[in-house]
Structures are given as structure tokens and as C-alpha cells.
Amino acid sequence: MKTFKFTILLFCCLFTTFGFSQKKDKLEIIYSGKSYKDKTTEEGAFTFLRDNQQQVHFVHNGVNLYCDKAVWYKNQDFIEAFSNVRMVQGDTITMTAKYVEYSGKTELAFARGEVVLKEPSSTLTTNKLYFDRTKQQAYYDTSGKVVRDSSGTITSKIGRYYMTPKKYQFIDSVVLVNPEYTLKTKRLDFFNDSGHAYIFGPSTITGEDNNIYCERGFYDTQEDFGYFERNAKIDYDDREIKGDSMYFDRKLNFASATNNIKVTDTINNSIVKGNYAEVWKAKDSLFITGRALAITLQEKDSIYMHSDTLMLTGPEEHRITRAYYNAKIYKSDLAGKADSIHVDHKTGLTEMINLSRFSSKDPFATKRKPVLWNIDNQMSGDTIHLISDVKTEKLDSLKVFYNAFLVSKDTISTDGFNQTKGKELIGLFKDNELYNVDIIKNAEVIYYSRNEEGELIGINKSKSGSINIKISDNNVDEIRLINKVDGDLSPESLFPKNANRLRGFDWRGDERPNSIEDLFKDDPPLKLKRIKGLDDYIPPEDFFDEGIRERVEAAKPKDSTKENKAARNIPEKKPTEKKEAKKASGN
């Protein structure tokens with residue numbers, strides 16, 4: 001008997017404890033001030049007014065609601081709050097407004113009039129806001145503004161705040177204004193704690209001295225760097241940079257790009273292409289590799305330069321291009337090849353250099369010597385300087401330093417070559433054609449002399465202090481031997497076959513680029529780096545989903561003649577939603 005009594009007592013205690021620990025499903029009045037039944041409201045409704053001490057105070061499942069006036073529809077567990085309304089959830093979320101409706105059955109709040117939603121690191125203001133406590137989401141569709149201390153101000157026509165991940169989702173006419181830049185996009189997903197922003201749709205980021213465009217991107221608003229894809233481009237003053245994938249660091253003034261890169265310089269009329277590039281704006285420096293190609297745009301005949309690596313440095317008024325490793329030049333009447341090419345765009349000087357890393361004893365060293373072709377003339381030496389007139393964009397002169405060699409094929413014989421060599425060579429151009437050549441010091445020449453009918457008169461092989469050659473229409477008109485040492489004109493039959501090449505002769509016509517495509521013929525097959533990319537756009541689920549609508553439907557009063565207060569501000573289903581719902585129900 002005692003055991004039975006103890007069991008009954010224990011059960012009663014447990015039941016009492018369980019009852020008090022249950023969450024309270026209905027709105028609870030904490031402070032009512034003045035209260036009365038208003039005849040103008042429906043039956044069962046109470047009106048509460050604040051007094052001189054404090055506001056009307058309700059609580060529901062951890063949320064506190066304060067206002068100056070409240071109408072409580074007890075039968076539907078629904079409240080209308082007026083004037084200086086404040087809803088507080090925990091110690092992190094506070095919402096204020098002129099008017100708020102709240103349903104204890106659906107846990108949906110609707111706020112209107114100077115609505116402000118605050119959490120520790122941001123403040124949302126709008127004119128109309130829905131707050132779903134079950135999903136812990138807030139939503140507006142009448143334009144809103146979010147202010148975040150370190151990131152700036154974000155405005156949009158539609159917005160949602162997910163409280164658990166602390167994420168904002170902005171849609172339609174999104175604008176983020178920061179002291180350093182302005183971002184405009186179609187949709188922006190913004191994570192409050194990290195300041196990370198994910199950009200969707202045609203988007204621009206406009207700064208004081210740079211503009212960014214992309215159709216998919218990521219930006220860290222706290223650290224000021226981002227990744228951009230899909231028609232991505234960055235405008236740096238006079239340069240436009242495009243690529244499949246781009247990185248930008250605003251603090252470092254640095255940008256990089258990967259795959260299918262195109263850099264357009266509008267001031268210097270040039271284009272640079274490649275598959276990996278780095279741009280340091282403060283240093284006026286561009287580095288590009290991966291089938292790198294520089295194009296100097298000219299009115300009639302552009303110049304193309306290709307190498308393993310290209311570097312462009314200097315301000316727009318004095319830009320310098322450096323091409324490293326297997327560098328080549330091509331235009332319709334000129335081609336060249338060297339280990340390294342250096343171009344000063346202000347002075348018009350192009351230097352073709354043989355890198356010292358190659359030993360002169362290397363059997364392949366001659367292949368690495370700079371070589372230049374103009375029409376049918378091949379010029380080579382240890383270093384070549386090509387000077388252009390920057391105003392007329394035409395060739396002016398040419399200098400070959402050390403081991404200078406000028407070669408051209410004889411117009412008729414199959415294996416005859418006109419050859420001139422010496423310590424240095426100076427050439428002059430007219431209308432981009434070589435017309436005068438001076439060979440200085442230790443000059444030697446082999447020349448096939450022909451009459452006007454093209455008949456071979458003899459082969460001239462001579463040595464002298466220097467040589468002057470006059471050329472027109474790619475034919476040698478005159479050769480002047482200055483301070484002649486020895487030599488004569490011999491008939492072909494008396495000219496020894498083993499003497500028809502000067503020492504150091506190297507015809508490299510098969511290396512000459514004859515088209516833009518030829519610039520790349522020595523390159524290994526192109527293998528672009530795989531870019532994983534950012535995740536695709538996924539349309540957000542409707543805020544007023546089936547879960548909300550089911551809760552609203554369940555909140556209907558038993559009396560069908562009564563208005564369902566919880567449904568009064570819920571928009572009707574869109575036609576597509578109705579069709580899908582009907583299909584799902586099997587009707």
C-alpha cells in the first residue's frame with residue numbers, strides 16, 4: 001500500500017514538472033496597462049493601452065513584444081500592435097515598427113511602417129517586413145536597405161535574412177555602396193559574419209580607378225579581394241583585362257587572370273594575349289605567359305610578338321615590353337627571332353638579345369643568335385637594335401652589334417647566297433624596306449653579279465675595311481668596298497665550290513615566321529588549366545512556401561464565418577504555384 005502511494009505521488013510530481021517545462025503555445029500577457037473591450041472590434045477581442053509606467057508587453061516562445069497599443073484576438077491567438085512596436089528575440093534580434101501583426105499559431109509576424117531589424121553586425125530597414133520565427137527568416141519585397149559597418153550599405157527591391165547562417169539574400173536592383181567602390185548586381189548572397197558576398201547575373205564593381213564586370217563572382221568585403229568568372233573583365237585606367245577566371249585584390253592593387261586572357265591598352269593601341277597574367281597597377285606592371293602574344297596595333301600593318309613570357313612595365317607615356325625565351329616578331333614585311341626582345345614604345349627602340357646563359361662554345365649557339373628578316377634579307381648578330389619612327393610607325397634604321405651577317409638568296413641560282421659580314425652593321429629603311437647597308441670593320445662579301453638580263457657575270461669575293469651596299473626593290477644596285485684589302489670578280493666556272501660560304505654563314509630561312517600562326521609552331525601543345533569555378537545559381541525557394549501556407553490554413557477559426565487573421569497579409573499563390581500544388585495533390 002505504501003509502495004502504491006509513493007508511485008502515485010511520484011507520477012503527480014513528474015506530471016507537474018513536465019507541464020511547467022512545456023513551451024507556452026499561446027500569447028501571454030506580461031503587462032497590459034489599461035485594458036477594455038472595444039465595441040468596434042469583433043467579439044472576444046481585448047484592447048490594451050500603455051500607462052505612464054511602461055508599454056504593453058506580450059511574450060510568446062522566447063519572443064517579447066512591446067507596444068503602446070494592442071488588440072488581442074484571444075480566440076485566434078493573434079495580436080495587432082500599434083505605435084513604437086518592438087519585438088525582441090533573445091539578445092541578438094530586435095525589430096521595431098509602427099505596426100505589427102503576430103500569430104501565436106503560425107509564429108508569423110508582419111511589420112509595416114519604418115521597419116528596422118537589428119542584429120549585432122547589421123541593420124535592415126524597409127517599409128514592410130515578414131518575420132517567420134519557425135524558419136527564422138525575415139523577408140521584404142518593397143525595397144529595403146541593410147547597413148553593415150565594415151561592408152557599407154546594401155539596397156535591393158527584394159531581400160531575405162536567414163538568421164541561423166546569418167545570411168542575407170538580395171534580389172533585383174541590388175546595390176552595395178562602400179567608401180572604396182559600388183557594386184551593382186542582379187542577385188547577391190551576403191554572409192554577415194564573414195562579409196563574403198556571392199554575385200549572380202550581370203554585375204559591376206566600380207572603384208575610383210578600376211571597374212570590374214562579371215556574371216558570376218565572389219567578393220570578400222572585409223579583406224577587399226574577389227574572384228570573377230563568365231565574361232569577366234577589369235578596367236584599369238587605360239587597360240581592359242579579360243579572362244575566363246579573374247582574381248582581384250583591392251588593397252594590393254593586384255589582379256590575375258587564367259585562361260583565354262586579353263589585355264587591351266587603349267592609350268598605346270596594343271593587345272596582349274595569353275593564359276595566365278598578373279597585373280600590379282601601382283607598379284604599372286603586366287606579366288603574362290602561356291602562349292603569350294603582344295600585338296601593337298598600327299593603321300596598315302600591326303606587329304605581333306610572341307614568347308614564353310611577356311612583361312609590360314612603365315606608365316602609359318613610357319611603356320616597355322620585354323619578351324623572354326624563344327621570342328619572335330612578325331609583320332608582313334618583317335620577322336625576327338631572339339632569346340629575348342626588349343621594346344621601348346616611347347623611343348621606338350627594339351632590342352633583340354642573345355642571352356649570356358648560352359655559351360659561345362655551344363654548337364647550337366648560332367641558332368640562338370638574334371636574327372631579323374626584312375623582305376628577302378636576313379640579318380643576324382650578337383645583338384640587334386631596330387629603330388622605328390613612333391609618329392609614322394615606320395622602320396627607320398637598324399644596328400647589328402658584333403658578328404654582323406647579312407644574307408640574301410641569289411635570285412636565280414639554287415644554292416647561291418649573297419653574303420656580307422663584319423663586326424657591325426648599320427641599315428637604313430625607307431617605306432619599311434632596307435635601302436642602305438654599311439658593314440663596319442673586317443668586312444667580307446660574296447656577291448653574285450648579274451647584268452640587266454639576269455645573266456651571271458661573276459662572283460665577287462672580297463675583304464675590306466668596310467662595305468657600303470645600295471639596295472632597291474630588294475636588288476643590290478651597288479657595292480662599294482672601302483679600304484679594300486683583297487678580292488676580285490671570278491667567273492662561276494673558276495670560283496671554288498668550297499669557297500661560296502663565308503665563315504659563320506647560317507641561313508635560317510626555315511625559322512622565319514610567315515604568319516601569325518607560325519609564331520607558335522615551336523610551342524608544345526596547349527593544355528589549359530581546368531577551372532572548377534564557382535557554383536551555379538540556384539533560384540531561392542519561395543518565402544511563402546507550402547510549410548507557411550499549411551500553418552496559416554491550420555490557424556483558421558472553427559467558425560468559418562470568421563476571418564482568418566493569420567492569413568490577412570499572406571499573398572495568394574502564383575498561377576504556377578497553384579498548378580504545381582494541384583498536380584501534387586493528384587487532382
Side-chain angles (χ1 to χ4, degrees), residues 121-122 124 143-159 167-266 276-286 531-538 540:
S121 56
S122 67
L124 163 65
S143 297
K145 177 174 71 174
V146 172
V147 177
R148 188 175 184 273
D149 294 339
S150 59
S151 300
T153 301
I154 308 173
T155 57
S156 68
K157 289 186 177 179
I158 301 171
K167 167 189 170 182
Y168 281 101
Q169 191 172 79
F170 302 99
I171 300 172
D172 196 353
S173 305
V174 185
V175 180
L176 187 158
V177 178
N178 180 283
E180 300 292 328
Y181 58 86
T182 298
L183 185 157
K184 295 182 179 180
T185 184
K186 187 176 182 181
R187 171 183 158 182
L188 180 71
D189 286 2
F190 185 86
F191 289 84
N192 222 11
D193 282 350
S194 63
H196 291 176
Y198 292 85
I199 306 163
F200 302 87
S203 309
T204 59
I205 302 176
T206 305
E208 184 177 351
D209 52 6
N210 54 69
N211 298 310
I212 300 170
Y213 174 86
C214 71
E215 292 168 12
R216 181 74 179 89
F218 161 84
Y219 200 81
D220 188 322
T221 61
Q222 293 185 171
E223 298 298 328
D224 259 355
F225 70 84
Y227 299 94
F228 311 103
E229 298 172 359
R230 304 181 192 180
N231 298 316
K233 68 176 182 177
I234 299 176
D235 290 331
Y236 259 151
D237 294 336
D238 57 311
R239 283 177 179 157
E240 179 189 78
I241 308 159
K242 293 182 178 180
D244 290 355
S245 176
M246 307 191 74
Y247 169 82
F248 175 72
D249 191 314
R250 188 175 301 278
K251 291 180 179 178
L252 297 177
N253 244 327
F254 169 79
S256 66
T258 304
N259 292 356
N260 300 308
I261 300 158
K262 182 179 179 182
V263 181
T264 304
D265 187 329
T266 56
Y276 177 75
E278 294 180 358
V279 181
W280 298 86
K281 184 178 184 302
K283 299 178 181 179
D284 283 304
S285 172
L286 165 65
I531 300 173
K532 179 181 180 297
L534 299 165
D535 294 335
D536 287 332
Y537 170 78
I538 299 175

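Basis for what follows: all heavy atoms, side chains included, without hydrogens, waters or symmetry-related copies.
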Open item on the list: One thing to verify: whether R239 and D284 come together as a salt bridge, which I'm taking to mean a side-chain N less than 4.0 angstrom from a carboxylate O.
Closed with: no
Open item on the list: By the definition side-chain contact (heavy atoms from CB on, under 4.5 Å), identify the one residue from N211, N210, I199 that meets it with I205.
Closed with: I199
TODO: Please identify each residue that fulfils side-chain hydrogen bond (donor to acceptor under 3.5 Å, both in side chains) with Q169, with sequence neighbours left out.
DONE: Y162
TODO: Considering non-hydrogen atoms only, spot the tightest contact between A277 and L286 and give its length.
DONE: CB-CD1, 4.3 Å
Open item on the list: Looking at D244 and R230, is any side-chain nitrogen of the basic one under 4.0 Å from a carboxylate oxygen of the acidic one?
Closed with: no
Task: Sidechain-backbone polar pair: R148 side chain, N192 backbone, donor-acceptor under 3.5 Å - done: yes
TODO: Taking the side chain as every heavy atom from C-beta outward, state whether Y181 and T221 have any atom pair closer than 4.5 Å.
DONE: yes
Task: Salt-bridge present (E223, K251; N to O < 4.0 Å) - done: yes
Task: NZ/NE/NH1/NH2 to OD/OE distance under 4.0 Å, D189 and K167 - done: yes
Open item on the list: So that I can tick it off, tell me whether R216 and E229 are bridged by a salt bridge, with the cut-off set at under 4.0 angstrom between side-chain N and carboxylate O.
Closed with: no
Open item on the list: Would the distance check show the side chain of S285 and the main-chain N or O of K283 forming a donor-acceptor pair, the cut-off being under 3.5 Å?
Closed with: no
TODO: Nearest 0.5 Å please: distance from the CZ atom of F190 over to the CG atom of L183.
DONE: 10.5 Å
Open item on the list: Run R187 and D172 through salt bridge (Lys or Arg N to Asp or Glu O under 4.0 Å) and show every step you take.
Closed with: CA-CA 6 Å; R187 171 183 158 182; D172 196 353; over 6 Å; no
- [ ] Determine the sole option in Y168, F225, F191, F218 for which the ring-ring contact (aromatic ring centres under 6.0 Å, His included) test with H196 is passed.
- [x] F218
Open item on the list: To the closest 0.5 Å, what do you measure between OH (Y198) and CG (L188)?
Closed with: 11.5 Å
